[in-house]
Amino acid sequence: MTTLSNLTSKSPAFLLTALPGFQAAHGWISIPFCGLYAVALSGNSMILSIVITQHSLHEPMYYLLSILSATDLGLTVSTMSTTLGVLWFDAIEITLDACIIQMFFLHGFTATESGVLVAMAFDRYVAVCNPLRYTTILTNYRIIQMGLLMILRTVVLLLPLLLLLKLLSFYPVNVLSHSYCYHPDVIKLAHSDTQANSIYGLVGLVLTTGIDIPCIILSYILIIHSVLNIASPEERYKVFSTCVSHIGAVAVFYIPMIILSFVHRYGRSFPKVVHSVMANVYLILSPMLNPIIYSVKTKQIRKSILSLLLTR
């Protein structure tokens with residue numbers, strides 16, 4: 001009630017929600033969240049540090065892995081502050097401007113990670129289908145170009161989308177469904193026409209996920225076709241095993257995203273807690289599992305981590 005009395009109609013405020021109906025258990029709920037965030041932060045920081053310091057890992061594949069880890073770190077930090085703030089301190093109030101800033105980083109790192117996964121799929125395609133030209137195609141300059149292109153695409157698509165929010169009218173108090181600002185969740189609370197926001201949001205989705213997923217699928221169709229042309233079963237297994245880590249990263253990123261989209265679109269009768277849990281799983285699962293997947297399945301990363309731990 002104190003929070004509500006401090007809100008004014010001049011600047012709309014948004015109230016964050018962790019898990020609807022479980023407010024009394026926020027302290028206990030924060031324990032697994034802290035564990036998940038700790039794994040995501042430590043795992044991605046370790047991979048990023050190893051790739052930077054180990055000269056033997058200064059190759060295109062590991063440069064892209066370091067970009068993926070940096071993106072996962074950004075994605076984790078962009079939601080961790082508000083989520084733990086709600087769970088620990090009941091800090092549920094956030095202004096529209098702060099909400100827009102969080103959405104920029106949240107959706108920005110999500111779109112960037114999707115682009116990184118496409119670049120990694122291209123890396124695996126060149127390594128399997130054209131290995132003799134691998135070093136000439138994927139040069140350091142080409143990796144820098146791909147990184148800048150991912151950032152440019154994210155900024156160009158996101159800035160107009162988020163600036164359109166400033167033109168909308170909101171009630172003085174708006175209750176969000178999650179512990180962070182999520183664009184589809186925010187525009188549902190506007191009491192003015194959101195058609196332009198919805199159309200531009202759909203265009204942005206098509207130009208990111210709508211392009212990235214078919215590109216990844218096409219890469220693996222070509223990879224599978226090339227692998228099947230290898231006569232020896234042992235060689236087939238050896239070549240295809242180099243793609244397992246990337247396939248795992250793609251799965252843990254896109255499958256929760258697709259499930260969350262279906263829940264938002266067709267699961268309106270589901271309890272609100274289901275939406276909240278799925279949204280949190282979608283954002284924390286990929287940053288948490290990616291370091292584990294690459295540590296287990298990539299021999300060079302595994303050896304570097306063991307060497308680092310044993311040295312310490």
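Position 1 is the first residue of the sequence; numbering continues from there. Because only heavy atoms are used, hydrogens play no part in the values below, and waters and symmetry mates are left out as well, while side chains stay in.
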Is the gap between the ring centers of [X] and [Y] under 6.0 Å?
X	Y	result
Tyr182	His107	yes
His191	Tyr171	yes
Tyr220	Tyr125	no

May I ask you to test the [X]-[Y] pair for a side-chain heavy-atom distance under 4.5 Å?
X	Y	answer
Met80	Leu41	yes
Ile284	Phe33	no
Cys34	Leu84	yes

What distance do [X] atom [atom1] and [Y] atom [atom2] have between them, rounded to the nearest 0.5 Å?
X	Y	atom1	atom2	result
Ile29	Thr83	CD1	OG1	12.0 Å
Ile47	Ser304	CD1	OG	10.0 Å
Thr136	Asn130	OG1	CG	7.5 Å
His55	Leu57	NE2	CG	10.5 Å
Leu218	Ile213	CG	CD1	13.5 Å
Ile305	Ile50	CD1	CD1	4.5 Å

Exceeds 12 heavy-atom contacts within 6.0 angstrom, atom [atom1] of [X]:
X	atom1	answer
His225	NE2	no
Tyr254	OH	yes
Phe105	CZ	no

For [Y], is there any backbone N or O sitting under 3.5 Å from a side-chain donor or acceptor partner on [X]?
X	Y	answer
Arg124	Cys243	no
Arg142	Ile137	yes
Ser179	Thr17	no
His246	Leu117	yes
Ser286	Val252	no
Asn174	Ala13	yes
Ser42	Ala38	yes
Asp123	Leu64	no
Ser276	Ala18	yes
Ser295	Arg302	no

Flag for [Y]-[X]: side-chain donor and acceptor within less than 3.5 Å:
X	Y	answer
Ser78	Gln102	no
Gln300	Tyr62	yes
Thr112	Thr154	yes
Tyr180	Asn280	no

Is the ring pair Phe253/Tyr282 parallel, tilted or perpendicular, if the boundaries are 30 and 60 degrees?
tilted
Least distance between heavy atoms, Leu36 atom then Met288 atom:
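Between these two residues, the closest heavy atoms are CD2-SD, 3.1 Å.
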Between [X] and [Y], is there shared hydrophobic-cluster membership here, with clusters defined by ILVMFWY side-chain heavy atoms closer than 4.5 Å?
X	Y	result
Val156	Ile151	no
Leu106	Leu205	no
Leu157	Leu163	no

In a table with atom names and distances, give each donor-acceptor pair under 3.5 Å that connects a side chain of residues 94-101 to protein atoms at least two apart or in another chain.
{"residue": "Thr95", "atom": "OG1", "partner": "Ala98", "partner atom": "N", "Å": "3.2"}
{"residue": "Asp97", "atom": "OD1", "partner": "Lys166", "partner atom": "NZ", "Å": "2.6"}

Show, in sequence, the C-alpha distance, side-chain angles and deciding distance for Thr208 and Arg153, and conclude whether the side chain to side chain contact (heavy atoms under 4.5 Å, CB included) test is met.
CA-CA 8 Å; Thr208 51; Arg153 181 183 73 163; 4.0 Å; yes
If you apply the rule side chain to side chain contact (heavy atoms under 4.5 Å, CB included), what do you find for Leu15 with Leu176, and how did you get there?
CA-CA 6 Å; Leu15 302 183; Leu176 297 171; over 6 Å; no
Taking only residues two or more places apart in sequence or in another chain, which ones pass side chain to side chain contact (heavy atoms under 4.5 Å, CB included) with Leu161?
Leu158, His183, Tyr200
Going by chain and number, the hydrophobic cluster around Ile144 (ILVMFWY, side chain to side chain under 4.5 Å) further includes Leu148
